[in-house]
Amino acid sequence: MRKPEKKTMTVLLIMIALGLHCASAMASTNCDYDIDRDVDGMDLARFSMFFLGHDPAADVTGDNSIDLADLRLCAEEFAREDVIAPTVSVLNIRDNSVVKTGFIVGTANDGNALSRVEVSLDAGPFAAAAGTISWKFPLPVGAGGWRDGSRHTVSVRAQDVAGNYSAAITLVVRKGNNKDVNGDGYVDLAVGASGTSTHGQVHIFHGGPNGVTPAAQTTIWGEALSNSFGDALALGDINGDGYSDLIIGDYAYNLSRGKVWILHGSAEGIASREFYLGDTADTILYFSLYTSTNFGCSLACGDVNGDGYTDLGAGAMGYPGTVHVFHGGPAGIPDKDLAFSDQRADFSIAGDLGRSFVFADFNGDGYDDLAAGAENYNSSQGRTFVYYGSPTGLTSEDSPPNYTVLTGDEGSTSFGYVVTAGDVNGEGYQDLVVGAARDFMQGWVYLFHGGQAGIQSGDLSAAFSADATIKGVSARNNFGYALALGDLNGDGYDDLAAGARLYDLNRGRVHLFYGSGSGLAPYTDLNTMPDDFPLDGESQGDLFGQAIVFDDLTADGYADLTVGAPNRGTVYVFHGDFSDTPAGSLAAGEADTILYGGADFGWALGR
């Protein structure tokens with residue numbers, strides 16, 4: 001039979017019920033046959049059919065008779081207004097988490113119909129998100145956008161067509177570097193494989209609620225033969241459109257002049273390219289002159305002038321050893337041939353630099369600072385310099401306190417061979433971690449806490465100590481060759497992962513040290529003191545720990561650890577928390593996700 005119009009039948013039932021003069025006692029039973037508050041109108045149709053046919057199913061009062069009491073109960077039930085509030089959820093950020101995407105995404109639901117989902121940032125007015133059942137909201141970008149490391153409040157609520165609001169969800173988050181190339185709200189993973197072919201390759205794996213996909217969505221092939229395409233990778237939103245861009249370095253390109261490619265992200269992600277067949281990038285940075293500059297040997301992203309656009313740093317560790325910084329903007333970064341004075345970087349600092357550097361806000365002023373290692377200083381004693389950001393960017397003043405100078409211990413320690421940053425003690429200032437880990441060395445790792453004055457200058461060969469020192473095993477383990485910081489256990493303190501890629505005949509090991517309110521233990525000797533959690537490679541020769549990165553790929557509030565083992569052609573992803581892992585050493589084969597590639601796959605991971 002044809003389903004009655006709900007409004008007409010409701011009015012008819014009410015009129016009938018009100019027109020009758022006698023009524024039996026009302027029972028507590030309702031008329032909702034399929035528990036949807038008659039959203040589809042089928043409850044009303046069923047009751048009408050049952051009542052007119054004197055079917056026992058119309059005895060909604062349960063008094064064993066079909067009479068006015070049943071009619072009155074259902075008339076009131078079906079005429080009642082929608083008073084049930086909708087529900088809303090946020091899928092990709094958690095309270096006290098780091099946001100590394102340009103969008104917040106979530107879902108909403110209502111028994112009747114949704115009107116809109118609204119988002120308020122920092123207690124400002126609510127604004128409508130795109131979509132309802134599945135919704136998406138862009139975070140501020142560009143001028144007026146959030147500064148790296150800054151903390152913000154996000155509130156989300158849903159409204160239905162009857163005007164009911166859900167309870168608001170309020171989260172406190174910290175702004176991180178955008179690493180979401182397709183804007184779906186989840187961090188993506190970039191993997192370099194410089195030896196997969198004669199041209200080298202870079203692969204992008206999209207993140208999601210279950211982590212990264214097992215197959216790459218994007219593959220970029222290098223331009224020239226026998227180069228180092230993909231040995232350095234970075235992700236960041238250079239043009240401020242909310243989508244992360246991919247930056248690829250090839251330091252050996254054209255007699256080691258070096259070259260850097262920038263590919264912009266979009267709602268579709270980044271399309272595969274074959275540079276050796278003539279495909280192009282959105283930006284190309286290079287040297288047409290001056291061989292052996294090694295430009296593009298290292299890459300990192302940050303915002304040194306606080307304008308809301310991500311800036312790009314590119315190392316050139318050839319003589320004299322330089323870090324170049326290019327400011328992002330609405331159009332990204334233009335093509336540049338750095339051999340010409342009118343096309344050079346916005347900031348360059350030379351002095352045995354370029355192999356490793358990081359951007360981080362060490363003094364909490366809202367501008368990212370640059371920490372760069374000079375591992376060859378004084379016959380490999382090594383130094384690390386910190387240059388501070390400002391509204392005009394970095395400054396190259398040549399004497400402290402305008403910048404920080406940290407000097408390594410005497411001897412061939414190569415202090416500054418690798419640097420990274422994170423907040424291990426939860427004070428809101430980024431802390432600096434410096435590795436002394438040249439090939440075949442034992443390896444040391446040092447931690448220096450940030451603060452309102454930044455990083456304190458000091459000489460480790462004199463009466464100055466790091467806030468924490470970790471000594472590698474007394475063998476050629478290469479402890480500290482790769483370093484990363486992230487909140488693995490979700491306690492609000494960044495944890496340290498340090499790779500020892502030459503452990504056990506190049507099997508490789510990653511050592512994990514948990515952060516706390518006091519940071520890390522002041523001194524740890526791995527010869528006699530254990531780390532908090534070791535991870536070992538599967539087989540000797542794998543180089544497990546060659547590359548390490550922390551990112552919350554599943555958006556569950558725990559940083560996930562990704563480790564490259566390039567001699568095996570494998571990348572391992574360990575989801576955060578580790579609560580379901582066996583105590584002690586965790587074999588690499590027990591990873592939550594394993595990605596496979598050709599030779600050198602996993603040599604570099606997108607920072």
Side-chain angles (χ1 to χ4, degrees), residues 147-149 298-307 310-317 319-327 344-378 380-409 413-423 427-436 446-467 483 485:
R147 292 184 178 179
D148 286 356
S298 56
L299 299 167
C301 289
D303 185 3
V304 298
N305 56 3
D307 64 355
T310 298
D311 306 317
L312 171 66
M317 63 182 179
Y319 182 81
T322 306
V323 175
H324 304 274
V325 179
F326 307 86
H327 291 166
R344 290 183 181 165
D346 296 288
F347 173 85
S348 296
I349 189 73
D352 197 27
L353 305 172
R355 187 195 180 279
S356 182
F357 64 95
V358 67
F359 292 109
D361 187 3
F362 299 112
N363 58 3
D365 63 356
Y367 305 98
D368 276 342
D369 312 312
L370 169 68
E375 72 277 4
N376 292 322
Y377 166 78
N378 192 24
S380 297
Q381 180 179 358
R383 272 183 166 174
T384 296
F385 299 86
V386 180
Y387 303 92
Y388 294 98
S390 72
T392 57
L394 298 169
T395 176
S396 57
E397 296 290 337
D398 58 1
S399 62
N402 298 301
Y403 72 96
T404 292
V405 182
L406 295 167
T407 304
D409 284 323
T413 62
S414 295
F415 178 82
Y417 197 75
V418 60
V419 296
T420 192
D423 186 3
E427 290 185 339
Y429 300 98
Q430 294 290 287
D431 306 315
L432 174 64
V433 178
V434 181
Y446 304 87
L447 167 69
F448 304 89
H449 287 163
Q452 190 172 2
I455 303 292
Q456 180 185 353
S457 292
D459 187 343
L460 294 174
S461 64
F464 176 77
S465 299
D467 293 290
L483 298 171
L485 286 163

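Values below: all heavy atoms of this structure, side chains included; hydrogens, waters and symmetry mates excluded.
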Which atoms form the tightest heavy-atom contact between V434 and L483, and what is the distance? C-CD1, 4.2 Å

Judged by atom type as modelled, is there a donor-acceptor pair below 3.5 Å linking the side chain of S457 to the main-chain atoms of V405? yes

Return the set of residues passing side-chain hydrogen bond (donor to acceptor under 3.5 Å, both in side chains) with S465 (not counting sequence neighbours), or none when no residue passes. none

Counterpart residues, side chain to side chain contact (heavy atoms under 4.5 Å, CB included), relative to Y319 (two or more places apart): none

T392 OG1 to D346 CG distance, which is reported to the nearest 0.5 Å: 11.0 Å

With sequence neighbours excluded, residues passing side chain to side chain contact (heavy atoms under 4.5 Å, CB included) with D459: Q381, T407, S461, A462

Contacts under 3.5 angstrom, residues 349-357 side chains, donor-acceptor by atom type, not counting sequence neighbours:
from : atom 1 : to   : atom 2 : distance (Å)
D352 : OD1    : N376 : ND2    : 3.4
D352 : OD2    : N376 : N      : 3.1
D352 : OD2    : Y377 : N      : 3.2
R355 : NE     : Y417 : OH     : 3.4
R355 : NH1    : Y417 : O      : 2.6
S356 : OG     : V419 : N      : 3.0

Is the F464 ring parallel, tilted or perpendicular to the F448 ring (thresholds 30°, 60°)? parallel

State the NE2-OH distance between H449 and Y429, to the nearest 0.5 angstrom. 13.5 Å

Closest contact, heavy atoms only, A371 versus V386: CB-CG2, 4.0 Å

About how many Å separate OG1 of T310 and CG of D148, when rounded to the nearest 0.5 Å? 6.0 Å

D311 side-chain N/O to V304 backbone N/O, donor-acceptor pair under 3.5 Å: yes

Only counting residues at least two apart or in another chain, list the ones meeting side-chain hydrogen bond (donor to acceptor under 3.5 Å, both in side chains) with D409. Y446

Determine, step by step, whether L406 and L460 satisfy the side-chain contact (heavy atoms from CB on, under 4.5 Å) criterion, reporting the C-alpha distance in whole Å, the side-chain angles of both residues, the deciding distance to 0.1 Å, and the verdict. CA-CA 8 Å; L406 295 167; L460 294 174; over 6 Å; no

Quick one: list whatever passes side-chain hydrogen bond (donor to acceptor under 3.5 Å, both in side chains) with E427, sequence neighbours left out. N425

Got T420 and V418 here, is their nearest side-chain heavy-atom distance under 4.5 Å? no

Rounded to the nearest 0.5 Å, the CZ atom of F362 sits from the CD1 atom of I455 at a distance of 5.5 Å

Suppose we screen for side-chain hydrogen bond (donor to acceptor under 3.5 Å, both in side chains). Which residues come up paired with S380, at least two apart in sequence or across chains? none

Looking at every non-hydrogen atom in both residues, tell me the closest pair between G313 and F359 and how far apart they are. N-CE1, 3.7 Å

Measuring from Q456:CD to T404:OG1, what's the distance to the nearest 0.5 Å? 9.0 Å

Got a sec, which residues hit side chain to side chain contact (heavy atoms under 4.5 Å, CB included) with N363, two or more places apart in sequence or on another chain? D361, D365, D369, Y388

Atom CG in L312, atom NE2 in H324: separation rounded to 0.5 Å? 11.0 Å

So which atom in G422 and which in Q430 form the shortest heavy-atom distance, rounded to 0.1 Å? CA-OE1, 3.4 Å

Within 45 degrees of the axis of the six-membered ring of Y367 and under 6.0 Å from its centre: does R147 put its NZ or CZ there? yes

